[in-house]
Amino acid sequence: MLTREECLDLDQSDPLAGHRKLFHLPDGVIYLDGNSLGALPRTIPDRLESFVRDEWGTDLIRSWNINGWFDSPNRVGARLAPIVGAEPDEVIVCDNLSVNIFKMLAAAIGLRPDRRTIVIETGNFPSDHYITDSVAATFGLEVRTVDAAEVTNAVDDDVAVVHLSHVDYRTGELLDMPAITAATRAAGAISMWDLAHSAGALEVELSSSGVDFAVGCGYKYLNGGPGAPAFIYANRRHHGDLRQPLTGWTGHAAPFALDRSYEPGPGLTPLRSGTPAMLSMVAFEEALRCFDGVDFAMVRAKSRRLGELFVELVDQFLPGQFELVGPADSARRGSQVSFQHADGYPIMQALIARGVIGDFRAPDRLRFGFAPLYVRHVDVWDAVDTIASVLATREWDDPRFRERSTVT
Ligand SMILES: *Cc1c(COP(=O)(O)O)cnc(C)c1O
């Protein structure tokens with residue numbers, strides 16, 4: 001039997017414990033949803049205030065030059081690069097994830113003009129599926145949808161691009177990026193990884209894995225705030241050949257020459273479309289400071305321990321009441337744990353009412369994310385204790401907890 005004191009001891013010896021104070025976390029809340037919306041870094045309100053007052057308010061349009069607004073997609077990309085194992089010139093921050101999926105699938109198809117198939121994994125996120133279907137329809141390709149275990153077998157010489165999520169948003173399953181990327185490359189196809197549920201939570205080694213393209217969002221484990229700009233990684237070997245259909249003026253080689261015809265800029269510049277959303281960009285840039293000097297081997301070790309602890313305690317407090325979804329081995333899981341329960345929705349609403357915030361994914365999954373920079377071992381203990389109490393008292397079985405909100 002694991003005790004609460006033992007969890008407090010684990011926090012005492014946690015080398016990442018000091019990072020928690022970089023975040024604003026409300027009293028009385030155990031936040032296990034940083035995989036959906038990261039917590040607020042403490043310095044963001046002041047940074048946004050000075051941005052609005054001094055840069056927008058005082059420097060006005062001069063800010064595009066003097067405050068580095070125009071170059072921000074590349075600068076923030078360079079700041080993000082080490083978090084995903086990339087070189088500084090291989091990452092750019094722009095648009096949202098869904099838009100970037102469209103742009104990069106189209107770019108991949110452009111690199112393999114003789115191939116007519118896109119491979120996608122069954123469990124990928126809806127936006128990834130919808131946009132893959134739309135890209136296929138737009139450019140006249142076929143979509144081949146396969147289970148994770150079948151991906152490498154499905155890549156033949158007709159496949160232009162293989163589009164996968166590094167960590168499955170529902171089950172938490174972590175795919176073997178180096179192995180799948182190597183097999184994809186051996187078959188001559190482009191690999192495109194969606195890092196929405198891995199960037200900031202575990203070691204991602206894009207360059208050394210030989211990945212072609214990757215995309216991800218800024219508001220999950222990267223804590224960039226609601227609707228934060230997303231990012232794109234493109235391996236250096238493709239720089240110079242990158243073409244995507246949303247050829248806006250900021251991707252032009254000389255945007256202020258105001259030429260009538262499009263001339264792609266160098267490196268990742270052609271992946272830009274329009275003006276960066278600076279209020280969001282500045283918050284994201286500030287948020288990334290929380291990762292300065294962070295050792296991702298440590299982040300991963302803590303993330304695995306938190307997940308294992310959660311599973312162990314659920315088993316200890318609630319034997320047989322929840323079914324674990326996804327891999328039981330933490331080495332094959334991202335930084336989240338999902339459980340299946342027929343009354344998952346009202347149970348999660350009752351937990352949220354008690355200050356334990358996770359989320360629900362249809363049809364019956366309770367999802368708990370463990371952001372290693374601010375979740376403590378004792379939070380895991382207290383969360384499971386609350387789950388046990390909510391189930392024992394059946395307080396979830398109240399009509400108000402069954403009313404479905406738009407966002408679950
Ligand atoms: C969160 C998430 C998205 C969301 O895309 P947005 O454009 O940011 O709304 C897409 N794909 C995956 C895999 C996700 O986890």
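Predicted model only: the values in this text are computed from it and were never measured. Counting from 1, the numbers follow the sequence of the chain as shown.
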*Taking all non-hydrogen atoms of both residues into account, name the closest pair between Phe370 and Pro372 and its distance.*
O-CD, 3.1 Å
_Angle between ring planes, Trp69 versus Phe51, binned at 30° and 60°: parallel, tilted or perpendicular?_
tilted
*Between Arg185 and Asp212, is there a side-chain N and carboxylate O pair less than 4.0 Å apart?*
no
_Glu142, CD: over 12 other non-hydrogen atoms inside 6.0 angstrom_ = no
*Test side chain to side chain donor-acceptor pair (under 3.5 Å) applied to Arg272 - qualifying residues, sequence neighbours left out*: none
*Non-hydrogen atoms of Arg170 and Pro363 that approach each other most closely*: NH1-CD, 4.4 Å
_For the residue pair Asn35 / His197, report whether a side-chain donor-acceptor contact shorter than 3.5 Å exists._
no
*Verify side-chain contact (heavy atoms from CB on, under 4.5 Å) between Gln316 and Glu312, making sure each step is shown before the conclusion.*
CA-CA 6 Å; Gln316 181 176 313; Glu312 257 169 72; 5.7 Å; no
*Give the C-alpha distance, both sets of side-chain angles, the deciding distance and a yes or no for salt bridge (Lys or Arg N to Asp or Glu O under 4.0 Å) between Glu403 and Arg400.*
CA-CA 6 Å; Glu403 276 170 39; Arg400 76 191 158 111; over 6 Å; no
_Quick check: closest heavy atoms across Cys94 and Asn100, and the distance to 0.1 Å?_
O-ND2, 2.9 Å
*asked:* If the condition is side chain to side chain donor-acceptor pair (under 3.5 Å), which residues does Ser389 pass it with, not counting sequence neighbours?
replied: Arg354
*Side chain Asp158, main chain Arg116, donor-acceptor under 3.5 Å*: yes
